[in-house]
Amino acid sequence: MNTLHKLKKDISEAINVLTGQEISPANLTLTPTKKEFEGDYTLLVFPLSRYFGKRPEETAEIIGDYLKNNYDIIDNYNVIKGFLNLGFSKDYWLYALKEMTGTQDYGKGEHKSKKVMVEYSSPNTNKPLHLGHIRNILLGWSVSQILEKAGYEVVKTQIVNDRGIAICKSMLAWQKWGDGVTPESSGKKGDFLVGDFYVLFDKKFNEEYQEWQKTDEAKKIFEENNEKLTEEQFFKKYKNEYFNSHSVLGAEAREMLLNWEKKVPEVMKLWEMMNGWVLQGFEETFEKLGVYFDKSYFESNTYQLGKDIVDEGLEKSVFYKENDGSVWIDLEDINMDKKIVLRSDGTSVYITQDMGTADLRFKDFGTEKMIYVVGDEQEYHFKVLFEIMKRLKRPYADDMYHLSYGMVELPTGKMKSREGKVVDADDLIAEVILEAEKSAKERGELENTTEEERAAIYEKIGMAALKFFILKVNPKRRMIFNPEESVDLQGQTGPYIQNAYVRIKSIIRKTGKLEIKDFSDYAGINEYEKSLISSLSDYPELIQQAAEELEPSAIANFAYDLAKKYHKFYSEVRVLGAETEAAKNFRIALSNMVANILRDSMELLGIRMPERM
RNA sequence: GGUUCCGUAGCUCAGCUGGAUAGAGCAUCAGAUUUCUAAUCUGACGGUCACAGGUUCGAAUCCUGUCGGGAUCACCA
């Protein structure tokens, strides 16, 4: 199907004829020839020479000679050391382009039987989404898109952490000091409003803690427990303990959590109201990011799940019970610790819930492959979870992945919501769009457009800059995010790729209506054109690989590379003013194909293309 | 301390299923526009691929160790 694949198959056949050896095409190394050398593709002959019993140079000569004489697409060859550089006939290139342009949904993989669940974005409903969530959401969305393109059926889910002590802090602060304020009355977006109360709680709590530190009780505790810390260091460490055993506010927050668990109507009402505000706010942010979920799970519904699995695990002796009633799994045989799965008081821990949720999803959708897009601080947790599901012999257990990504930090250090030291998602989005607008106005290319069209274009450009900036890097890398740099619009950026697309669209507009006409007479194919076709040929394989490795950055780098090649082509070669009619037809067809693949690949990153910019 | 991820140009990153002289962008400097959108293109400057061994015809890539940084090792979520 793919022309490169076919070539590998041809070579494999040739080797078979020449030596009788069976070599799978997948084991051949065939790469585009480096530009310092003559040729289009290079076959590495070193590993093959032993089958021929000759030196690499001689082996390369034999293979090259055979290919040239027996296959039409090989026009010429040369040998340098163990490298066999093959030159393709012009017909090969024309045929390759023709084949691509004639393929429906080029790059789409064959249908895969396994359904995949991708979980991404696990927000807490006590504060707005921030930069860290953006990385998570963009990764999850992009991976979902890539998997779909590769041929999988994908179910996109999120789990919303809408219960727990942190949420109670926001609720309590609103109750005590909120004075009945609502998003409507304050004109503030719901998630931001609730986040303010979360910060306020922390402020009030700190004040309370400071006061307490002056009491005799505090001094006594310091004297008794401290070994070699200063007072300041000690109390910094003691903060959590203070919250749990001395703090008035802490006691109130914990009481609220208990009342929530007992479903006390007054608390439930407050919780539903404030959660509603936050979720509405999230919805707006998701929309701006251009993402959605097929199904949202809420922790308030799922936090009790998994207890029956604990029973099942005890029965199957996967778990064991301690004397105090707590239930554990022993993973020391695989070099991990013992891990608790149910508390002594019979309540769930985090992992209990995750066990239950996995089963629930399998029941809901039959997803046999599950991908969790979650920060790398939870690597250990997921290792344990996956191991448990394996030992419980779940049908999906062998296909669970944790797509872990590194933390996003600011140049000033880690983000801390409680201290208000964050980059909020909404603010960042607004900033990049504004930056795109400024830049576009300076250029002044958009004079004949309506205000609405312009706004849409600014948004596409700004979001492209942001998304590309985040997705082009390997997820595993910890990233230090400088808000100023992220809005760069030149160089290796989203807008650079959009610009290549826009240039093509501009050319096509000038031809009136897009028509792909016959170009089989085109004889003067040049290196820029070959290199574009060669990139385009790689696309289907790239999709499969990116899906296999859950690697959006591979797509991002491909799109950049293709755009770069097009810009180069554009500056060297005329399309509309081509030398001959055939050349013009060919270049229009090629340009249009490049535009399609640029749009298609950027779509996989959640980036949309403007028609002009 | 155990486990694990990361370390490539001043900065941000590609390349990692071993292949030719390690590539981009940003920044700095110098150029390109009567002709398809200059958010572009060309050139210059910039490297002990953290370090040391090993495997190999060949190592940024694989193995071992060391150093530096992050994460994690809760009856928290």
Side-chain angles (χ1 to χ4, degrees), chain A residues 26-27 29 31 33-34 36-37 42 44-47 49 55-56 80-83 85 122 124 161 163-166 240 299 303 322 324-328 335-337 339-351 353-354 375-381 383 404 406-407 409 414 436 439-440 442-446 461 465 469 472-474 476-482 485-486 488-500 502-511 545 553-554 556-557 560-561 563-564 566-578 587 591 612-613:
Chain A
N27 289 335
T29 312
T31 53
T33 302
K34 301 230 171 200
E36 310 86 84
F37 301 96
T42 297
L44 280 189
V45 184
F46 297 98
S49 54
R55 290 185 302 116
I80 297 172
K81 289 192 278 182
F83 300 93
N85 300 320
S122 14
N124 296 312
N161 299 310
R163 60 167 289 279
I165 193 74
N240 210 26
E299 206 184 273
Y303 81 109
E322 280 287 350
D324 63 4
S326 57
V327 180
W328 298 73
N335 215 0
M336 294 184 349
D337 279 331
K339 189 86 188 170
I340 191 158
V341 295
L342 197 72
R343 291 195 193 103
S344 52
D345 63 4
T347 56
S348 306
V349 290
Y350 189 36
I351 205 157
Q353 183 192 158
D354 266 357
D376 62 6
E377 74 273 14
Q378 299 210 32
E379 263 164 20
Y380 184 68
H381 169 81
K383 261 190 194 159
S404 81
M407 280 286 167
E409 288 175 21
K414 281 188 188 169
S439 181
E442 271 171 36
R443 280 164 51 79
E445 288 278 355
L446 300 172
I461 297 172
F469 184 83
K472 75 177 177 187
V473 326
N474 179 337
K476 285 252 157 55
R477 267 178 188 260
R478 186 162 62 103
M479 78 191 283
I480 296 176
F481 187 91
N482 189 333
E485 278 171 20
S486 70
D488 271 353
L489 306 171
Q490 269 136 37
Q492 196 185 32
T493 66
Y496 173 96
I497 299 165
Q498 289 177 320
N499 186 233
V502 163
R503 283 178 143 182
I504 296 169
K505 287 294 156 174
S506 177
I507 289 174
I508 289 172
R509 265 197 303 277
K510 289 205 162 51
T511 67
Q545 204 182 332
S553 62
N557 289 316
Y560 171 70
D561 187 58
K564 190 177 160 72
Y566 193 81
H567 279 307
K568 173 82 173 159
F569 161 82
Y570 184 92
S571 69
E572 301 287 340
V573 175
R574 311 262 83 202
V575 176
L576 296 178
R587 286 177 192 156
S591 297
R612 51 185 85 213
M613 65 195 285

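Lettering of chains follows the sequences in order, A, B, ..., and the numbering in each one begins at 1. Only this structure's heavy atoms are used, side chains among them; waters, hydrogens and symmetry mates stay out.
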The side chain of [X] is closest to which nucleotide in this list: [options]?
| X | options | result |
| --- | --- | --- |
| A/F46 | B/G19, B/G70, B/U72 | B/G19 |
| A/R509 | B/G19, B/U37, B/C73 | B/U37 |
| A/Y380 | B/C73, B/U42, B/C13 | B/C73 |
| A/R612 | B/U35, B/U37, B/A20 | B/U37 |
| A/Y496 | B/U40, B/G19, B/A20 | B/U40 |
| A/K476 | B/U3, B/U72, B/C6 | B/C6 |
| A/L576 | B/C5, B/A14, B/C36 | B/C36 |
| A/F37 | B/U72, B/U3, B/A20 | B/A20 |
| A/R574 | B/U40, B/C36, B/U37 | B/C36 |
| A/F83 | B/A77, B/A20, B/C73 | B/A20 |

What's [X] touching, base or sugar-phosphate or nothing? Going by heavy atoms closer than 4.0 Å.
| X | value |
| --- | --- |
| A/E445 | base |
| A/E299 | sugar-phosphate |
| A/R478 | sugar-phosphate |
| A/D345 | nothing |
| A/V473 | sugar-phosphate |
| A/A500 | nothing |
| A/Y570 | base |
| A/N161 | nothing |
| A/I461 | base |
| A/K81 | nothing |
| A/N27 | nothing |
| A/V45 | nothing |
| A/M613 | base |
| A/T511 | nothing |

Taking the [atom1] atom in each of [N] and [M], what is the distance between them to the nearest angstrom?
| N | M | atom1 | result |
| --- | --- | --- | --- |
| B/C5 | B/U64 | P | 11 Å |
| B/A24 | B/C45 | C1' | 16 Å |
| B/G65 | B/G2 | P | 11 Å |
| B/A59 | B/G69 | P | 30 Å |
| B/C6 | B/A14 | C1' | 16 Å |

key: Exercise: identify the closest heavy-atom pair between A/Y560 and A/G491   =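 Result for this residue pair: CE1-O, 4.0 Å.
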request  = Apply the test side chain to side chain contact (heavy atoms under 4.5 Å, CB included) to residues A/F37 and A/I80: give CA-CA distance (whole Å), side-chain angles for both, the deciding distance (0.1 Å), then the verdict.
outcome  = CA-CA 9 Å; A/F37 301 96; A/I80 297 172; 3.3 Å; yes
query = Just wondering, more than 12 heavy atoms not from A/D345 lying within 6.0 Å of its CG?
reply =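 It does: A/D345 CG has more than 12 such atoms within range.
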message = Between the base of B/A20 and the side chain of A/N85, is there a donor and acceptor pair under 3.5 angstrom?
response =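 Present.
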message = Check this for me: does the side-chain of A/S571 come within 3.5 Å of the base of B/A38 through a donor and an acceptor?
response =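 Counting by modelled atom types and ignoring angles, no donor-acceptor contact under 3.5 Å is found here.
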remark   = A correct dot-bracket answer for RNA chain B, with pairs being Watson-Crick or G-U at under 3.5 Å, [ ] for crossing pairs and | for inter-strand pairs, is (((((((..((((.....[...)))).(((((.......))))).....(((((..]....))))))))))))....
query = Over how many whole Å does the gap from A/I480 atom CD1 to B/C6 atom P extend?
reply =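 So the CD1-P distance, A/I480 to B/C6, works out to 16 Å.
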ask   = Within 45 degrees of the axis of the six-membered ring of A/Y303 and under 6.0 Å from its centre: does A/R163 put its NZ or CZ there?
value =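 That pair qualifies as a cation-pi contact.
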